[in-house]
Amino acid sequence: QPPNPIYDDILEKWDYILDGLADDPHRLNRELDWVIKLYLLKNYRQKHQCDWNDPRIAMIDLQYHDVRPDKSLYYVLQRQNRVERLLSESEIIHAITNPPFDTRAYFRGQCLKKFRSNIFGVSWGAISFDVGESSVKRILMPEPTKGTRKYVHELLEKSQTVEELLTNIMN
């Protein structure tokens, strides 16, 4: 099999991260999310001489993960070139509407496209549908490889409504 530059890049990055974790995780304060946030929190604590129970620490913790670019502390660090990104903004935007075909993300994504108005809630391992009359039906997806295009494409194609989807899943 010929070399694949994408796989080689992934393995090189993975090797770098594993070495960093083994040697000194704190040196990964530009690459790993949890190390970046810990570095941010420790610096804040030191600068303001506060402990971990300080409400400002909890607020920073929440604000770091705010998904709005104008509110998120992560995006502040990104604009200051203090974090390394693996993906461009356009790749992220593409991934939002184009889930991978080989995980349960495919089923979640297709359900969101097709049945958005009937979605009550979505998590990694479940999707809940509002089927009217104060009733919510939940589809559990504990296996990451069971919601792939291979397994659910035909099911989704023949299900024009949420009710049909739920019936077809049972058959």
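Source: prediction; values computed, not measured.
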Kindly compute the distance separating [atom1] ([X]) from [atom2] ([Y]), expressed to the nearest 0.5 Å.
X: T161; Y: L166; atom1: OG1; atom2: CG; result: 8.0 Å
X: L11; Y: I6; atom1: CG; atom2: CD1; result: 12.0 Å
X: D66; Y: L62; atom1: CG; atom2: CG; result: 9.0 Å
X: N29; Y: D24; atom1: CG; atom2: CG; result: 9.0 Å
X: K158; Y: T167; atom1: NZ; atom2: OG1; result: 10.5 Å

Quick check: are there more than 12 heavy atoms from other residues, nucleotides or ligands sitting under 6.0 Å from [atom1] of [X]?
X: E12; atom1: CD; answer: no
X: W124; atom1: CH2; answer: no
X: Y16; atom1: OH; answer: yes
X: L87; atom1: CG; answer: yes
X: E89; atom1: CD; answer: yes

Transitive ILVMFWY cluster of F120, excluding itself - 4.5 Å side-chain cut-off:
V136

Nearest heavy atoms of [X] and [Y], plus distance in Å:
X: G109; Y: P99; result: CA-CG, 3.9 Å
X: L41; Y: I57; result: CD2-O, 3.8 Å
X: L140; Y: A126; result: CD2-CB, 4.0 Å
X: L165; Y: C111; result: CD2-SG, 4.1 Å
X: L21; Y: L28; result: N-CD1, 3.8 Å

Using 4.0 Å as the upper bound for N to carboxylate O, is an ion pair formed by [Y] and [X]?
X: R68; Y: D70; result: no
X: E31; Y: R27; result: no
X: K37; Y: D61; result: yes

For S88, all residues meeting side-chain contact (heavy atoms from CB on, under 4.5 Å), sequence neighbours excluded:
S90, E91

With I36 via side-chain contact (heavy atoms from CB on, under 4.5 Å) - residues at least two apart:
Y64, L77, V83

Going by heavy atoms in the side chains, are [X] and [Y] under 4.5 Å from each other?
X: D102; Y: T145; answer: no
X: F107; Y: I139; answer: yes
X: S72; Y: V67; answer: no

Does R56 form a side chain to side chain contact (heavy atoms under 4.5 Å, CB included) with Y44? I'd like the steps, not just the answer.
CA-CA 9 Å; R56 295 174 294 181; Y44 185 89; 3.2 Å; yes

May I have the step-by-step check of side chain to side chain contact (heavy atoms under 4.5 Å, CB included) for Y106 and L156, ending in yes or no?
CA-CA 11 Å; Y106 176 80; L156 289 164; 4.2 Å; yes

Evaluate the criterion side chain to side chain contact (heavy atoms under 4.5 Å, CB included) for residue pair I127 and F129; output intermediate values, then yes/no.
CA-CA 7 Å; I127 187 165; F129 296 97; 3.8 Å; yes

Is Y39 linked to L73 within one hydrophobic cluster, defined over Ile, Leu, Val, Met, Phe, Trp and Tyr using a side-chain heavy-atom separation of less than 4.5 Å?
no

Is it true that a side-chain atom of [X] and a backbone atom of [Y] form a donor plus acceptor pair closer than 3.5 Å?
X: Q78; Y: Y74; result: no
X: R104; Y: M141; result: yes
X: D9; Y: P5; result: no

Which pairs pass side chain to side chain donor-acceptor pair (under 3.5 Å) with one or both residues in residues 135-144, sequence neighbours excluded?
none

Contacts satisfying salt bridge (Lys or Arg N to Asp or Glu O under 4.0 Å) that involve residues 105-131 (not counting sequence neighbours) are none

Where at least one partner belongs to residues 145-157, residue pairs that pass salt bridge (Lys or Arg N to Asp or Glu O under 4.0 Å), sequence neighbours excluded
none

